[in-house]
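Okay, structure first, notes after.
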Amino acid sequence: MSECIFCRIASHALPAKIVEEDDEFMAFHDAHPVAPVHILVIPKHHVDSLAQWSAIDPARAGRMLIKVRDLAANLGVAESGYRLVVNTGHEGGQTVSHLHVHLLAGRLLLWPPG
Ligand code: 5GP
Ligand code: ZN
């Protein structure tokens with residue numbers, strides 16, 4: 001079995017509060033939310049990070065972004081606003097080495113981040 005926790009969530013080997021999924025992507029609640037809405041969207045197929053995603057079909061990358069956009073609309077935060085974060089690598093703050101997009105919303109998000 002994969003050691004990667006997000007691969008294990010993607011294959012339903014590890015429980016998560018799943019919001020939606022299809023053949024390519026899964027959206028689930030972050031275990032330690034930092035905003036009222038804090039969803040993670042992952043490709044089901046393992047990719048370490050955005051930096052490792054060089055061989056990706058651009059259409060697939062586009063579908064992932066549209067997936068997150070539609071999810072935000074479905075959650076009712078498109079009007080109030082939201083933030084997408086893709087922490088990449090050590091200095092980027094990435095702690096789980098499986099590409100994921102954070103969808104954050106539901107409060108005023110400060111800038112710049114820490
Ligand atoms: P990163 O710091 O890599 O950008 O974000 C990883 C995120 O995954 C963190 O916000 C963390 O709370 C979340 N996370 C880590 N382990 C689990 C888990 O087992 N289940 C869920 N749902 N989220 C997790
Ligand atoms: Zn993985």
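The figures here come from the full heavy-atom set of this structure, side chains too, leaving out hydrogens, waters and symmetry mates. Just so you know, ligand 1 is whichever comes first in the structure, and atom 1 is the first atom listed for that ligand. Throughout, residue positions are numbered sequentially from 1 according to the sequence presented.
Any N or O atom pair closer than 3.5 Å counts here, and F28 shares no such pair with ligand 1. Residue L14 places no N or O, backbone or side chain, under 3.5 Å from any N or O of ligand 1. Checked by distance only, ligand 1 and A31 come closer than 3.5 Å through their nitrogen or oxygen atoms. Here's the thing with N87: one of its N/O atoms is less than 3.5 angstrom from an N/O atom of ligand 1.
Heavy atoms of A16 come nearer than 4.0 angstrom to ligand 1 in no pair at all. Residue contacts with ligand 1 do not include K17, since none of its heavy atoms lies under 4.0 Å from the ligand. Heavy-atom distances between I9 and ligand 1 reach below 4.0 Å in at least one pair.
The angle H98:ND1 - the Zn ion (ligand 2) - C4:SG amounts to 110°, with values rounded to 10 degrees. With the Zn ion (ligand 2) as vertex, H46 ND1 and C7 SG subtend 100°, rounded to 10°.
Using a 4.0 Å cut-off between heavy atoms, V85 makes no contact with ligand 1 at all.
Between atom 9 (C) of ligand 1 and the options D30, T88, L99, I42, the minimum heavy-atom separation is to D30.
Using cut-offs of 30° and 60° on the angle between ring planes, the pair H100 and F6 is perpendicular.
Summarising the geometry of P43 relative to L99, their closest heavy-atom pair is CD-O, 3.2 Å, with the distance given to 0.1 Å.
Ligand-side atoms of ligand 1 in range of H102: 1 (P), 4 (O), 5 (O), 7 (C), 10 (O), range being under 4.0 angstrom from any heavy atom.
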